[in-house]
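Everything on this sheet refers to the single structure shown next.
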Amino acid sequence: MITFSKPTVEQFFRTYVITNFSVSNDEKKLIFSANLNGKMNLWAMDLPDTYPYLFAHHDESNSFIKIDPENRYVLAGFDKDGDENHQIYAIANEGGLPQPLITGDPSEKFFLSHLSEDGQRIYYMTSEGNPSFLNTRVRNLEDNSDEIIHVGEVSPTNLTAVSDDEKKFVYLRSFANTYVTGFVKVGNETYSLTPDPNKVHVTFEPVFVDETIYFVTDYDSEYSYVAKFDLNTKEFSQVLSIDNESINSLEWDKTNKLFYLLTENGVQDNLYKYNLSSEKLEKLSTPVDVIEKVQVVKSGSVYILGRSATIPHNIFQSADGSGWEQLTNNRVLGLSTEDMVEPDVVSYKSFDGMEIEALLFKAKPENDNGHTIFWPHGGPQASERKFFRSMFQCFLNRGYTIFAPNFRGSTGYGSSFVKLVEQDWGEGPRLDCVAAIEWLFENNITDREKLFLVGGSYGGYMALLLHGRHAEYFKAVVDIFGPSDLFTFVNSVPAHWKPIMDRWLGDPERDKERFIKDSPVTYLDGMVKPMLVIQGAKDPRVVKEESDQIVEKLTAEGREVEYLLLEDEGHGFSKKENEIRVYSRMLEFLEKHQG
Ligand SMILES: CC(=O)N[C@@H](C)C(=O)N[C@@H](C)C(=O)O
């Protein structure tokens, strides 16, 4: 018989990501953004045909796709090499090369907000002239006029919903990830969607339904729920909540007068259908554990984009939310889901008795190399979930067990829990990680001599901090674009993040002592284990200097540090060849330090 060799690293990384999609109203065209040819481009399928063809070639990351309701053009947002300065392009309905439509200096950002029902007016936000708070403008495609309709003030302000008659506008103002207020502007009048905008709460996903605005909020509640604002009476009221689940997205089915609701329930999502007139709530079964986008079209058909731990991104369609047809066949080259690892959902008690949920991916016995990778996730107000990561499945196949805790500050466990990381980046979450490590040892999952530490972004920050303060636990450490010094990080973030930094992280003058205590650079002396630092040169969130300085300082101290800098990447690795380079280098590094 012919025997085949073990899957290669490249095999895992020949899996593609689908980051977004959009379906035309007549359901004849589905356009999606994916790196099928190695770089991010737009691909299309002429439904019901599901063979994808290259629709728009630009080789850059996409921020949105919007199909003209009358199928004359497609709008899409692209940045440059991961710099997140997204600008708005137009593409002919048949596809081709994206042509700049609403663009400016390469350092400016343009975000699509709304396209009018007749496809003539484009509502968008821009950093031009107002980098921290953003301005809202409308471009009329008939006469090419472009006028400002709202000047952002106080905090970054986003136009999020426009009524059908284009006379009422809902804006969201962000003071933090956990503090977002909403107001509706009708002529010169503005009304808060919630009773007291000075109370800390979030408001998002506004939808106009006749004279009512439905939206999601956690106003006076631990879990976000659906509420409404009556435009006639100007009254706020609660519509629907689901026990212990945060409603995260709201998609309106205009034809059948129902909502599709997506809830975040710890490490996975649930999808529900809510009939507005009968008030009946129905939980739907879904083909994947984590759903990243839901679109309902005119016919009432539902399209979702999602992934599970062993299923990469795919797009599915259903006539009414029951029974799904898989439209894309994105899979891991030469592997079945059984060849991969489904995580166990575990929980452990932290230093103060708080229960922390985590994902434990155990290497299969035939692959097990005895080593564990400890993975603090990024965000930090995000969470590790049951979603496919080629990096995880590749490392599992190489024998590493992976442990990913949803330390305090993670999303999916209620409003109070997510706030616990605010102005406390380095104490509570770090101690949750330490408790997790001790739990791994106590439960004989990990050998004390066989633990690696790998994290990206906030996870990279946590990797640096844990390395500096608890190096004894680890054999070696990989930091992927982690902030190394909170004093420099707080001043280097994008302009429209600056207004939220105080509540999120703190103030460098007022909180000087805490910034010193929680900055990884404070603990250079403790960073004695071999380290690999990986950084994208164009990263606008955690800038290159954050990695440069830690590498320089450790090198000057004679420590063992490797540095991989990717010139054409930002906060993530969007180009296939770069991804393969990064993860091969990581594997090589881990293998070298297994000892
Ligand atoms: C403002 C905010 O929460 N940004 C996050 C999405 C983010 O990018 N955080 C970085 C630091 C990360 O951890 O990914």
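One-based numbering, in listed order, for ligands and for the atoms of each. The first residue in the sequence is number 1, and the count goes up from there.
Ring planes of Phe169 and Tyr123: tilted class, angle from 30 to 60°. Classified by interplanar angle (parallel below 30°, tilted 30° to 60°, perpendicular above 60°), the ring pair Phe374/Phe403 is parallel. Between Phe489 and Trp504, the ring planes are tilted. Angles from 30° to 60° get that label.
Atoms of ligand 1 lying under 4.0 Å from at least one heavy atom of Ser457, given by number and element, are 10 (C), 11 (C), 12 (C), 13 (O), 14 (O). Heavy-atom contacts of Ile500 reach the following atoms of ligand 1: 1 (C) (cutoff under 4.0 Å). Every atom of ligand 1 with a heavy atom of Arg541 under 4.0 Å away is listed here by number and element: 6 (C), 7 (C), 8 (O). Using a 4.0 Å cut-off to heavy atoms of Gly378, the atoms of ligand 1 that qualify are 13 (O).
A donor-acceptor contact under 3.5 angstrom links the side chains of Glu546 and Thr488, judged on distance only.
The heavy atom nearest to atom 2 (C) of ligand 1, considering only Tyr458, Phe481, Trp504, is found in Trp504. For the residues Gly379, Gly459, Gly482, the heavy atom positioned nearest atom 9 (N) of ligand 1 is part of Gly379.
Contacts between His571 and ligand 1 below 4.0 angstrom, taking non-hydrogen atoms only, involve the side chain exclusively. Neither the backbone nor the side chain of Tyr461 comes within contact range of ligand 1; no heavy atom lies under 4.0 Å.
Distances shorter than 4.0 angstrom do not occur between any heavy atom of Gln381 and any atom of ligand 1. By the 4.0 Å heavy-atom criterion, Val493 is excluded from the residues contacting ligand 1.
Between Phe481 and His571, the ring center distance clears the sub-6.0 Å criterion.
Remark: Lys529 is not positioned above the aromatic ring of Tyr473, lacking an NZ or CZ atom under 6.0 angstrom from the ring centre and at most 45 degrees off the axis. Taking the ring axis of Phe387 as reference, the NZ or CZ atom of Arg307 stays within 45° of it and closer than 6.0 Å to the ring centre.
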Exercise for the section: Determine, stepwise, if the pair Phe78 / Asp59 fulfils side-chain contact (heavy atoms from CB on, under 4.5 Å). Expected result: CA-CA 9 Å; Phe78 298 103; Asp59 281 350; over 6 Å; no

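Among all protein heavy atoms, the one lying closest to atom 3 (O) of ligand 1 is Asn177 ND2, 2.8 Å.
Among the atoms of Trp425, none of the N or O lies under 3.5 angstrom from an N or O of ligand 1.
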